[in-house]
J.: 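Please see the structure below; I have some questions.
Worth knowing before you read on, the calculation uses all heavy atoms, side chains too, and leaves out hydrogens, waters and symmetry mates.
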Amino acid sequence: MGLYPPSVGILSLNSLTLSINHFLCESTPCLFFPLYLCLPLLCFLCVLSLCCASICLPCLLSSHLHHLLLIYHIYPISFKRPPVITTQPESVTVFSVEDLVMSCEATGNPPPIFRWTKDGEEFDPGSDPELKVSQQSGSFVFYTLSNTMDTLKQYQGKYVCYASNELGTAVSNEAILKTDVPPTQQKERKVHMKSEQGNSIVLKCNPPQSSMKPIIHWMDRGLHHIELSQRVVSGKDGNLYFAHLTAEDSKDDYTCNVQYLATRTILAKEPITLTVTPSNSVVRNKRPQMMRPTGSHSTYHALKGQTLELECIVQGLPTPDVSWLRKDGELSESRTVKDMFDRRLLFSNISETDGGEYQCRANNSQGKVTHTYTVIVEAAPYWTKEPVSQLYAPGETVKLDCQADGIPPPMISWTINGIPISETDEDSRRTLTASGSLILNDVTFGDTAIYQCRASNKHGTILTNTNVYVIELPPQILTEDGNTYTFTEGQKALLECETFGSPKPKVIWESGTTSSLLADPRVNPLTNGGLEIYNVTHSDEGFYTCAVQNTNLSVSAELEVLNRTVIVSPPQALKVQPGTTAIFTCLAIVDPKLGSPLIQWRKDGLKLFESHIDEKYTFEGPDLIITNVEPYDEGIYTCEVITRLDMAEATGTLTLYDRPDPPGLLQITDPKHREVTLSWTPGDDHNSPVLEYVVEFEDQDLKEIGWEELTRVSENKVHARLSLWPYMSYRFRVIAINEVGKSDSSKPSEIHNTLAEAPDRNPEDVRSESTNPNTLVIAWQEMEKHDFSGPDFKYKVMWRKVVGSGPNWHIDYTTAPPFTVSDVGNFSAFEIKVQAVNEKGEGPEPDPVIGYSGEDSPLEPPVDVGVELINSSTIKVTWAAVDRESVRGHLLGYKIYLVRLGSRAHHQGRRATEPESPVVLETGANEEKKVISSLTPYSHYTLVMTVFNSKGEGPASEMLSFKTDEGVPGPPMSLMLDSPSETEMTLHWTPPDQPNGVLIGYLLQYQQSDDDSPMQVVTIDDSAVTHLTLRSLDRHSHYRFYLRGRTAAGDGEPIMQDGATVLDGVPPSNISLSVGENSVNLSWVAKKRHRNVSFQIHYLNKNDGSKWKKTEKVNSSQSFYQLQGLAPGSHYRLRFTYSNTTFWETDIETEGTGVTEVQPSFATQGWFIGVVSAIVLLLLILLILCFIKRSKGGKYSVKDKEEGPMDSEARPMKDETFGEYSDLEEKRTASLPSLGEESKLCSEDNLDYNGSSAVTTELNMDESLVSQFSRPSEGPETLHGLPDNSPLNPNNAPPANNGMPNSVTILD
């Protein structure tokens, strides 16, 4: 005992053990003791193994464990604890003797002692023989021993529990005990109700009176719920309300079932029989009227936090639609819920802001009704600031702040250990402020107590216990030295400096980066010793020191500031159609030291999880993908980027838009003469505003036509004034249109009939469609049925001749166009008109129009036809106007028929041609001349003319013949170029296809095309000349040639050709080699504009000492050659010669391994060869004798014959040879002439154009030798006159090599 201060008693381990669970789980004891004092005591017990491991584990995991152990070693004393009520007594309504249980639990050391008050008077349950008390350490419970409810009424009242030990008394909240009788079934009479269809009615439930709120279920005898709807609703009073009755409502088993949850009771009331009788007349629509509540205004009182329901039950036919609004503000969708088919407005957890005026509006086609609700919200007391339990040192000033609010404002009062301050001894050190705070100045050990603050108004009382413990302890710093605190920019940094001692130690903070730390308004030292830095920045990084004032105690801490997490691409507001996919993107920048963040998505505040079954939600990196979007997917989507230090969030909305719903409640009102007003109620626009409404109609007498558009109305109107046609039976419907599309059609309106009237219009487009002579056909545009305006509709047709008929009209009637009048003469003018007529009268007087009877063909041809030559290709035709009477119709114009018979050059030996097809030209009716161009010069033509009208053409005029003058010729048909030498160019051409006269020669013009050299001109006066050689040309230049034909009329159009002379050939240079095992590939670039030359390749094998060999001649234009038949692994000398002169030499070495010389052996001796040859000869003779013997005079099988020696002609081709194999080739191989001679193997007759050994020559055709035709040739004769040695002559063109490289096989 000498280790403990004498003023502190020893902690009772047993009582402390019972309270450990409250210390750890509920933390209620720590309302008095700070955490640093509360936990060491428990951990001390853990060390002594006096509590279970599950309780001790939180202590051992505490981040302050070593601090707590340190405190224990410094202060090894058992602290006393004041009582703390852990289980409050609860209010209860007693329906049976088992329900009367009142309990109170508390912790403390020493264990608290319990006492009770009832209605403010001391109450000892243990002294009452009717009550049983169960009292254990920390708990007190009493209950009844009675068996009857009558004895329990004496215990009704308000109970308060007091828990006391030597450190003070804790007071519980007030608990109310009531008694009530469980509801029971009452005997009732059967109820029969009867009403007409269309009337409203109320079926009453009348549940038994009880303190419990009943739950009402209307069911039938089969225990099926009565189907509720806008028409049939259940009221809060339990009654069943019908807005109007239908025949289907007739039942004999409407049963009200009343359920009480507290007593687990369900009472079934007597079934009600309802009979609905049909109305004797047509059921009339009825305006809405209030059924519950009645009248136009009602007032509701509610307490803050409670649930309030406003009810609006209405009657009417059709069933009214109900809507809610707030009259003094906007109705909050988030704080209210509409229930019971919008007949109820529910406030859950109502607050003062919900107070105000609300209105229910009920509408149907007959009118509307409203009811106003005044909602008054008051509040029971609630805490805004509670006093804090704390340790204090002697001499300190204690201020217990206690503030509460409520409606009306509550009164604040204080008690000490349950005794009102007014009843305690006066103490000048105690002061009560106007705000309700209690101040204790210069406290002593005797001020240790439990202080109760009580707040009360008419709605209730609340109470809080505050522990004041006066004690002395030396200061200590519990926070570990050298801690590093990491925060992100903008956060509130908290540097801990937890101290322990009484009086409470005062700490001083210093920074290594700034001298006046507390001068920064962002820096706030806390009462618990910590340091807060608001809106921390990178400049705040560094080391900080916390020191206890007037001691040498201090700790240091490092502050690290990271970049805040920033969302750079937040989710957007999306507007999508149902069934599509929505994608939200959330991109953020995170400090690298924070690692990869967690992206959490929420919808309306609730977490979203990836869907693995239906793939509704998919997370792909920063994207949230929502597939098959439906209406319930609408909402606010939040992206949370979470790191270990901070979080950034951004929101986006998802809104569905779709086609609008069809309008409803179509009504026809205000009918006037051929006009009505159609009104409707808009449907849901599905988040896409309506752009316009389309009003359609259907004629009930012409349903086969279907619905037709009548008018369109702008989006801000819900009615339209419609102009109608007479004598029609209308039904209307309305379609809404938004940016997505059209809604479905509304339900059709009622039928509306218009009266018959005389037509107000006549048919349009009255005209004559006469085509046959002596006939008048009157036609018009047939009128629509809705323009008939009445029954017995027909057309009144009137006509008369313009001249000679007099004032009288011919009249007839018909029901449809056209109308035909016969025997009226050809092409006579008539006045015609058509009038609409029905049973009610005639339409307005129509204006006459002029029409003609049918036409006939013209009688006479044009006269005085003449032709005037303007130039070689243009003439002017003139004629006299025809007599209009002879036209016998509308003169449409004249036709000119022009035929070319041929050229005038037939007498010069040209073959005559057949006449060409006639050219037909039309003129206007009033023309008397026509200029015709684009004729062929130097030609014979004939010309005739006719008159035509719509019926046809008249007779032709006399034929005129004329000749066109000579013109300039067309271009020559072709122009080809040939270059005999480097300075010469020969031009070959064919005469013009269109000489347009007598050809007298040609004009040749040429110039160098690469500079501004002058044009050279050569005149050829002989038309028979078809070629010309130009000499002394520049071998380095390109030329452009123009050739024209000439007639007496001048020079014709030119044909143009570009070309250059061909240079003398030279052997190739810059030859590239690619050496293989048996061959070497040679390639070079063929020179442009150079003639082809032949060269040879000589080669020598340096390894075997053989002689020089040479290839056949190789063309320089080939660009490639393969030298084959070389020995592998050998050195060769290559020499290239042209005109017996070497122009290039080189050495090569083939790839592979060379052949090694074989040493002489007996197998190469002559005697051995002779013996082997003799043996082979003997075997051959024996085989021949066997065959002769077998075949002599006998038969042999077909198979033997088939298997016999094959004919040499049928021998298969050997893979290693080219072409076909024959004895002739063997002989040629045996006597192969030298490669320097002209080998027959390389002759044209023996060339294999499909093999790779073919030697081919390719003519290089490029810009250096342009010799193409200016137009497609018609055959070989176009090359007539070319020199035999010209490269343009096909007889000299070398055969093509088919794309294969040239090569030669070396035969040894």
J.: Heavy atoms, side chains only, cut-off 4.5 Å: are Q259 and T265 in contact?
T.: no
J.: Would a 4.5 Å heavy-atom cut-off, applied to side chains only, mark L574 and F584 as touching?
T.: yes
J.: Let me confirm one number: the CD-OG distance from Q197 to S279, rounded to the nearest 0.5 Å.
T.: 7.5 Å
J.: Quick one: do K385 and D405 make a salt bridge, cutoff under 4.0 Å?
T.: no
J.: Using a 4.5 Å cut-off on heavy atoms from C-beta on, say whether the side chain of F242 contacts that of D249.
T.: yes
J.: Return the orientation label for the H217 and H225 ring planes: parallel under 30°, perpendicular over 60°, tilted otherwise.
T.: perpendicular
J.: One thing to verify: whether D646 and R564 come together as a salt bridge, which I'm taking to mean a side-chain N less than 4.0 angstrom from a carboxylate O.
T.: no
J.: Is the NZ or CZ atom of R361 positioned over W324's six-membered ring, under 6.0 angstrom from the centre and within 45° of the axis?
T.: no
J.: Is there side-chain contact between V734 and L666, with heavy atoms separated by less than 4.5 Å?
T.: yes
J.: With E309, which of R292, R344, K338 fulfils salt bridge (charged side-chain N to carboxylate O under 4.0 Å, His left out)?
T.: R344
J.: May I ask you to check whether F732 and Y730 place their ring centers less than 6.0 Å from one another?
T.: yes
J.: Report yes or no: is the cationic atom of K327 (NZ for Lys, CZ for Arg) under 6.0 Å from the centre of the six-membered ring of Y358, at an angle within 45° of the ring normal?
T.: no
J.: Does R712 pair with E709 as a salt bridge, N-O distance under 4.0 Å?
T.: yes
J.: What I'd like to find out is whether the side chain of Y657 reaches to under 4.5 Å of the side chain of V740, using heavy atoms alone.
T.: yes
J.: Inspect the contact between D744 and R659 and indicate whether a charged nitrogen and a carboxylate oxygen are less than 4.0 angstrom apart.
T.: yes
J.: Any salt bridge between R602 and E640, counting N to O under 4.0 Å?
T.: yes
J.: Does R731 pair with E698 as a salt bridge, N-O distance under 4.0 Å?
T.: no
J.: Charged N to carboxylate O under 4.0 angstrom, K204 versus D237?
T.: no
J.: Ion pair present between R721 and D670, side-chain N to carboxylate O less than 4.0 angstrom?
T.: yes
